[in-house]
Participant: 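Can you keep this structure in mind? I'll have questions shortly.
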Amino acid sequence: MMDVQQIKPIHLDVLQEVGNIGAGNAATALSQLLNQKIDLNVPSVRIIDFQEMQSLAGGEEKVVAATFLRVSGEAPGSMFLILQKEEAEELAYSLTGNKVNIIDDSFDELAASALNEMGNILAGAYLSALSDFTSIQMQPSVPSLAIDMAGAIISAGLIEISQVGDYAIVIDTLMGETDDTSSTPATGQFFLLPDPDAFERIFQSLGVDWS
C-alpha cells in the first residue's frame, strides 16, 4: 500500500534532476522555435495532495492558462501545466510577437496554439527524461488548452480521469531568455498526477519500497 511518508528527500532530488534534464531538452526545442536562447530550470519538486493544487495554482478563483494532457504507457496518468495570467500573456507575446489579454478577444487562435505547443514541448521533454531514467514507457497525448479559474480547470481535469490517486508530483519550472537579465523568469507549474499503481511504480523505480 502506498505511503508517501516513505518518499525521502533523496527521491525528490532525483526527480528534480530528471526535471532539469527534461528542462534542458525543452529549452533547446523552444530556443529553436523562437530563434532565441531560452533558459529553463527546475528549482524544486514536491509531492502534494489534490487539495493543495488549487492553492498552488493561485487560488480557486484565480484565472490561469492551463494545458491538460493524458499520459499513456506503463505508468498512465495526467498532467497540467498551469501559468498565471500575466505569465501566460508574456509567453504568448514571446511566442507570437503579439500582445494579448487571455480573457478578451485579443487572445486569438495563434496565441492559444503557441501556448499549447509550448506545453506540448515541455510535457514531452519531461516525460521523455522520466521515462529514460526509470525505464518506464510514458507518452503524452495531444494537449488541450483552457483559460478559466484554477478551481474549474483542475476540477474538470480530474473528472476526466477515470482512476485517480490522492497525490500529485509538482515540478516547478522557471522560463526566461538567457540574454535578458532585466526581466523576471516566468514561473510555470507542472502537476503530474500518476494513476495509483503508476505512482507506486515510478517511486519503486527510484528505490522506494512500498511493501
Side-chain angles (χ1 to χ4, degrees), residues 1-30 38-57 66-83 118-143 154 157-158 160-175 185-211:
M1 182 177 180
M2 186 173 68
D3 179 4
V4 294
Q5 293 182 349
Q6 294 177 260
I7 298 172
K8 305 301 181 185
I10 189 172
H11 304 125
L12 297 180
D13 288 344
V14 172
L15 276 183
Q16 184 176 347
E17 181 57 31
V18 171
N20 275 313
I21 293 170
N25 294 337
T28 299
L30 288 173
I38 300 297
D39 184 42
L40 281 87
N41 64 79
V42 175
S44 65
V45 173
R46 292 163 284 163
I47 305 297
I48 63 169
D49 62 40
F50 290 160
Q51 291 182 340
E52 294 177 85
M53 285 183 64
Q54 293 178 352
S55 177
L56 279 180
T67 301
F68 173 78
L69 55 91
R70 278 291 291 171
V71 179
S72 60
E74 297 174 343
S78 299
M79 290 187 82
F80 293 89
L81 169 62
I82 295 182
L83 298 166
M118 187 196 70
N120 190 38
I121 289 171
L122 283 168
Y126 285 147
L127 287 177
S128 178
L130 184 58
S131 180
D132 288 345
F133 190 87
T134 60
S135 298
I136 298 172
Q137 293 183 3
M138 287 175 275
Q139 300 87 29
S141 69
V142 176
I154 292 171
L158 295 180
E160 289 188 28
I161 304 170
S162 60
Q163 184 182 25
V164 68
D166 298 319
Y167 299 96
I169 300 169
V170 184
I171 305 168
D172 292 318
T173 303
L174 294 180
M175 297 170 275
T187 302
Q189 289 172 320
F190 261 109
F191 296 92
L192 174 58
L193 288 66
D195 294 348
D197 291 343
F199 195 102
E200 293 189 26
R201 182 166 189 180
I202 289 170
F203 277 95
Q204 283 173 344
S205 75
L206 300 177
V208 179
D209 183 5
W210 301 110
S211 59

Participant: Can you give me the closest heavy-atom contact between Phe199 and Pro194, atom names plus distance?
Facilitator: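 Phe199 and Pro194 have their closest heavy atoms at N-CB, 3.5 Å.
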Participant: Just to verify, what does Thr173 make a side chain to side chain donor-acceptor pair (under 3.5 Å) with, not counting sequence neighbours?
Facilitator: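 Testing Thr173 for side chain to side chain donor-acceptor pair (under 3.5 Å), a comparison that skips the adjacent residues, returns Tyr126.
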Participant: For the residue pair Arg201 and Asp197, establish whether any side-chain heavy-atom pair is separated by less than 4.5 Å.
Facilitator: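 No, side chains not in contact.
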Participant: Could you tell me whether the side chain of Asn20 and the main chain of Val42 form a donor-acceptor pair under 3.5 Å?
Facilitator: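 Checking the backbone N and O of Val42 against the side chain of Asn20, a donor-acceptor pair under 3.5 Å is found.
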Participant: For Ala129, give me all partners under side chain to side chain contact (heavy atoms under 4.5 Å, CB included), at least two apart in sequence or on another chain.
Facilitator: Val18, Ile21
Participant: Could you go through the side-chain contact (heavy atoms from CB on, under 4.5 Å) check for Ile169 and Leu15 one step at a time?
Facilitator: CA-CA 9 Å; Ile169 300 169; Leu15 276 183; 4.1 Å; yes
Participant: Residues in side chain to side chain contact (heavy atoms under 4.5 Å, CB included) with Ala168, at least two apart?
Facilitator: Ile48, Phe50, Met53, Leu193
Participant: Got a second to check how far Glu74's CD is from Ser135's OG, nearest 0.5 Å?
Facilitator: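 Result: 9.0 Å between the selected atoms.
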Participant: Taking the side chain as every heavy atom from C-beta outward, state whether Ile7 and Tyr167 have any atom pair closer than 4.5 Å.
Facilitator: no
Participant: Scan for salt bridge (charged side-chain N to carboxylate O under 4.0 Å, His left out) pairs involving residues 10-19, sequence neighbours excluded, and state none if there are none.
Facilitator: none
Participant: For the CG atom of Leu30 and the CG atom of Asp39, what is their distance to the nearest 0.5 Å?
Facilitator: 11.5 Å
Participant: Less than 4.5 Å apart, side chain to side chain, heavy atoms only: is that true for Asn120 and Pro143?
Facilitator: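 A side-chain contact exists here, since the closest heavy-atom pair is under 4.5 Å.
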Participant: Please give me the minimum heavy-atom distance between Gln137 and Ser131, naming the atom from each residue.
Facilitator: CA-OG, 3.6 Å
Participant: Do you know the tightest heavy-atom contact between Val71 and Met79?
Facilitator: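 Nearest heavy atoms, Val71 then Met79: CG2-CG, 3.9 Å.
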Participant: Can you list the residues that meet the side chain to side chain contact (heavy atoms under 4.5 Å, CB included) rule with Ile10, with sequence neighbours excluded?
Facilitator: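 Side chain to side chain contact (heavy atoms under 4.5 Å, CB included) check on Ile10 returns Lys8.
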Participant: Go through the structure and list residues passing side chain to side chain contact (heavy atoms under 4.5 Å, CB included) with Ala75, not counting sequence neighbours.
Facilitator: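 Counting only residues at least two positions away or on another chain, Ala75 forms a side chain to side chain contact (heavy atoms under 4.5 Å, CB included) with Ile136, Met138, Ala198, Ile202.
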Participant: Counting C-beta onward and ignoring hydrogens, is there a side-chain heavy-atom pair between Leu81 and Phe68 closer than 4.5 Å?
Facilitator: no
Participant: Apply the test side-chain contact (heavy atoms from CB on, under 4.5 Å) to residues Ile82 and Phe190: give CA-CA distance (whole Å), side-chain angles for both, the deciding distance (0.1 Å), then the verdict.
Facilitator: CA-CA 7 Å; Ile82 295 182; Phe190 261 109; over 6 Å; no
Participant: Provide the closest heavy-atom pair for Met175 versus Leu83 in the form atom of the first, atom of the second, distance.
Facilitator: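 Minimum heavy-atom contact is CE-CD2, 3.9 Å.
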Participant: Taking only Lys NZ, Arg NE, NH1 and NH2, and the carboxylate oxygens of Asp or Glu, determine whether Asp195 and Arg70 approach each other closer than 4.0 Å.
Facilitator: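 A salt bridge links Asp195 with Arg70.
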Participant: Can you check whether Leu174 reaches Pro43 side chain to side chain, under 4.5 Å on heavy atoms?
Facilitator: yes
Participant: With rounding to the nearest 0.5 angstrom, report the CG to CG distance, Asn25 to Asp132.
Facilitator: 8.5 Å
Participant: Could you check if a side-chain atom of Leu130 sits within less than 4.5 angstrom of a side-chain atom of Leu192, using non-hydrogen atoms only?
Facilitator: yes
Participant: Please find the pair of heavy atoms, one from Leu40 and one from Ala26, that lie closest to each other, and give the distance.
Facilitator: CD2-CB, 4.4 Å
Participant: Where does the angle between the aromatic ring planes of Phe191 and Phe80 fall among parallel (under 30°), tilted (30 to 60°) and perpendicular (over 60°)?
Facilitator: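 Perpendicular: the ring planes of Phe191 and Phe80 meet at over 60°.
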Participant: According to salt bridge (charged side-chain N to carboxylate O under 4.0 Å, His left out), does anything in residues 45-54 pair up with another residue at least two apart or in another chain? List the pairs.
Facilitator: Arg46-Asp172
